[in-house]
Amino acid sequence: MLNCLVTVLGIFICVPLLLFMAAPYIRRYIAGGVCKSTAKLNGKVVVITGANTGIGKETARDLAQRGARVIIACRDMAKGEAAACEIRAETGNQQVIVKKLDLADTKSIREFAENFLAEEKELHILINNAGVMLCPYSKTADGFEIHLGVNHLGHFLLTFLLLECLKQSAPARIVNVSSLAHHGGRIRFHDLQGEKCYNWGLAYCHSKLANVLFTRELARRLQGTGVTANSLHPGSVHSSLGRHSILMTLLWKTFSFFLKTPREGAQTSVYCAVAEELESVTGQYFSDCRPAYVSPQGRNDELAKKFWNVSCELLGVQWD
C-alpha cells in the first residue's frame, strides 16, 4: 500500500516537472516554421482580406514593417481602423489603409474593387486570408452557403476583379489561405449550397478544398503572366475563427498552449508573399514555410477545371 502511494505521488510530482522542463521545446515545435526572408517591400502595394484580426492582422503587421503599402480589406471598419492604428504606431509605416469589404456580399466586393482600381495604380500582393468556420447554416446576400460564399466565391470574385491590375504590376503574387482541413473536403456538385445535407464542420472542409482547387487552376491559367498563385495551411491557430462554435471556443481556450499564436500562424502567409525563392513557384501548397502534401482531391486537375466553371456560373462572370 505504501509503495503504491509513493508511486502515485512520484507520478504527480515528476510528470508536471517534466512537462515544465519540456515546455520551451514543445512550444518551439508547435510554433512551426518561420519566414526567414528579409525582403523589403518599399513601393509595393498589398491587399489582405480579413486583416483586422488574427493571422491576417499579423501578416499585415509584418508586411507593413517591410515597407509595403498595406490595404486592410475587412467588414468591420471600427476593428479594421483599430488594427491599422496599432500597426502604424508600431511600424512607423503610415501607409496602412482600411477599406470596407464584405465577402458575403458580391455588391460589396465589386464596390471595393472599383474603388481600389480608381485609387491605386498597382497591386503586387493579394492575400485572400479572411474566412468563416463552423457556422450554423446560413446564406450570403447572394444566396450562397456561408462557407462556400465567403471562403471561396468571395475571394474568387475579388481575384477576378483585381487580376488585370496584378498582371500589369507583375511580378505579383496571389496567396490563398486554405487549411489542412481540405483533406476532409469534397466538392458536392449536386448540393453545393448544402440545402439537402448540411454539416458545419464538413462545410468548412469543403470550402478549404475549394481554395486549393482554385489556386491550382488559377496558377495554370496564369502561366507566363508573371503572377503566381499559391495556397497554404497556417496551422492550428488560437484565434476567433471558431467563434461560432461554443465547443470549439472552449477547446481552444483549454488547449491554447498547444496552438499557434496568430503571429506564428502568419509565418507561412508571409513566406508565400515575400520569400525570394518562391518568385517563380506557382500552384503549390505550403505549411510551416515549406511544401506540404495535398489531398488527392486537391490534385485533381479535371475537378479543378469543372469547379472553376461552376464558380463562374454561380457568380455570373466569364473568366477565360
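Source: prediction; values computed, not measured. Sequential numbering from 1 along the given sequence is applied to the chain's residues.
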- Query: Do Y285 and H182 have ring centroids that are under 6.0 Å from one another?
  - Reply: yes
- With distance as the sole criterion, is a donor-acceptor pair present between the side chains of T49 and N128 under 3.5 Å? no
- Task: Considering only NZ, NE, NH1 and NH2 on the basic side and carboxylate oxygens on the acidic side, decide whether E86 and R61 come within less than 4.0 Å.
- Result: yes
- Message: If you apply the rule side-chain contact (heavy atoms from CB on, under 4.5 Å), what do you find for N230 with N176, and how did you get there?
- Response: CA-CA 6 Å; N230 291 297; N176 294 324; over 6 Å; no
- Query: Can you tell me if H233 uses its side chain to pair, donor with acceptor, with the backbone of L180 under 3.5 Å?
  - Reply: yes
- Message: Does C165 form a side-chain contact (heavy atoms from CB on, under 4.5 Å) with L123? I'd like the steps, not just the answer.
- Response: CA-CA 6 Å; C165 188; L123 175 58; 3.8 Å; yes
- Task: Could you check whether the rings of Y271 and F286 sit parallel, tilted or perpendicular, using 30° and 60° as the cut-offs?
- Result: perpendicular
- Shortest non-hydrogen pair, V227 vs A170, comes out as CG2-CB, 4.5 Å
- Item | Pair R88-E81, salt bridge (charged side-chain N to carboxylate O under 4.0 Å, His left out): steps then yes or no | CA-CA 10 Å; R88 286 193 292 260; E81 193 53 51; 2.5 Å; yes
- Message: If I compare all heavy atoms of C35 with all of C289, which pair ends up nearest, and what's the gap?
- Response: N-SG, 3.7 Å
- Message: For C135 versus W200, what's the shortest heavy-atom pair and its separation?
- Response: O-CB, 3.2 Å
- Donor-acceptor contact below 3.5 Å, side chain K100 vs main chain R75: yes
- Query: Distance-only, no hydrogens or angles: does the E264 side chain make a donor-acceptor pair with backbone N or O of T261 under 3.5 Å?
  - Reply: yes
- Message: For Q318, I'd like to know if atom CD has over 12 heavy atoms of other residues, nucleotides or ligands within 6.0 Å.
- Response: no
- Message: With a sphere of 6.0 Å drawn around CD of E114, does it hold more than 12 non-hydrogen atoms of other residues, nucleotides or ligands?
- Response: no
- Will you find, in the side chains of Q223 and T282, an N or O donor that is under 3.5 Å from an N or O acceptor? no
- Message: Test of understanding: clusters of I, L, V, M, F, W, Y form through side-chain heavy atoms closer than 4.5 Å, transitively. Do L161 and W308 belong to the same one?
- Response: yes
- Message: Are I187 and L192 packed together at the side-chain level, in the sense that at least one heavy-atom pair is separated by less than 4.5 angstrom?
- Response: yes
- Taking H183 for the side chain and V294 for the main chain, is one N or O donor matched with an acceptor at less than 3.5 Å? no
- Would you say K107 and I109 make side-chain contact, with heavy atoms under 4.5 Å? no
- Using only heavy-atom distances, determine whether the side chains of H152 and S311 contain a donor-acceptor pair under 3.5 Å. yes
- Query: Do N52 side-chain atoms and C74 backbone N/O form a donor-acceptor pair below 3.5 Å?
  - Reply: no
- Message: Between the side chains of E279 and R173, is the shortest nitrogen-to-carboxylate-oxygen separation below 4.0 Å, so that they form an ion pair?
- Response: no
- Query: Between S138 and I146, is any pair of side-chain heavy atoms under 4.5 Å apart?
  - Reply: yes
- Task: Write down the atom of G56, the atom of N129, and the distance for their closest heavy-atom approach.
- Result: CA-ND2, 3.4 Å
- Within the distance-only criterion (no hydrogens, no angle test), does the side chain of T91 pair as donor or acceptor with the backbone N or O of Q65 below 3.5 angstrom? no
- Among R299, K306, K305, which residue meets the salt bridge (charged side-chain N to carboxylate O under 4.0 Å, His left out) test with E302? K305
- Below 4.0 angstrom, N of the basic side chain to O of the carboxylate: do R110 and D105 qualify? no
- Okay, side chain of R186, backbone of H206: is any donor-acceptor separation there less than 3.5 Å? no
- Query: Are the side chain of N151 and the backbone of V132 linked by a donor-acceptor contact shorter than 3.5 Å?
  - Reply: yes
- Using a strict cut-off of less than 4.0 Å between a Lys/Arg side-chain nitrogen and an Asp/Glu carboxylate oxygen, indicate whether K139 and E145 qualify as a salt bridge. no
- In terms of hydrophobic clustering (I, L, V, M, F, W, Y; side-chain heavy atoms under 4.5 Å; direct or indirect links), are Y198 and Y204 co-clustered? yes
- Message: Applying side-chain contact (heavy atoms from CB on, under 4.5 Å) to I97 and I72, what does each step give before you reach the verdict?
- Response: CA-CA 6 Å; I97 316 297; I72 294 175; over 6 Å; no
- Message: According to a hydrophobic-cluster definition based on side-chain heavy atoms being under 4.5 Å apart (Ile, Leu, Val, Met, Phe, Trp, Tyr only), do L213 and L202 belong together?
- Response: no
- Contact check, side chains of K260 and D288, non-hydrogen atoms, under 4.5 Å: yes
- So, the side chain of T228 versus the backbone of S280: is there a donor-acceptor pair under 3.5 Å, distance only? no
- Message: Do I127 and V47 have side chains that approach each other closer than 4.5 Å (heavy atoms only, starting at C-beta)?
- Response: no
- Note on the structure: Closest non-hydrogen atoms of L218 and A229, given as atom of the first, atom of the second and distance, are CD2-CB, 3.8 Å
- Can you list the steps and then say if I48 with I125 is a side-chain contact (heavy atoms from CB on, under 4.5 Å)? CA-CA 8 Å; I48 310 175; I125 302 171; over 6 Å; no
- Determine the interplanar angle of the F156 and W319 rings, folded into 0 to 90°, and report it as parallel if under 30°, tilted if 30 to 60°, perpendicular if over 60°. perpendicular
- Message: Do N211 and K208 pair up side chain to side chain, a donor and an acceptor below 3.5 Å, judged on atom types alone?
- Response: yes
- Message: For the aromatic rings, using the six-membered ring if either is Trp, is the centroid distance between H155 and F214 under 6.0 Å?
- Response: no
- Message: How long is the straight-line distance from CD of Q284 back to OG1 of T215, given to the nearest 0.5 Å?
- Response: 10.5 Å
- Query: If you take all heavy atoms of G149 and F144, which pair is closest and at what distance?
  - Reply: CA-CB, 3.9 Å
- Task: May I ask you to say whether K44 pairs ionically with E122, meaning some side-chain N is under 4.0 Å from a carboxylate O?
- Result: no
- How about L163 and L222: do any of their side-chain heavy atoms sit closer than 4.5 Å? yes
- Task: For N115 and E111, indicate whether the former's side chain and the latter's backbone hold a donor-acceptor pair under 3.5 Å.
- Result: yes
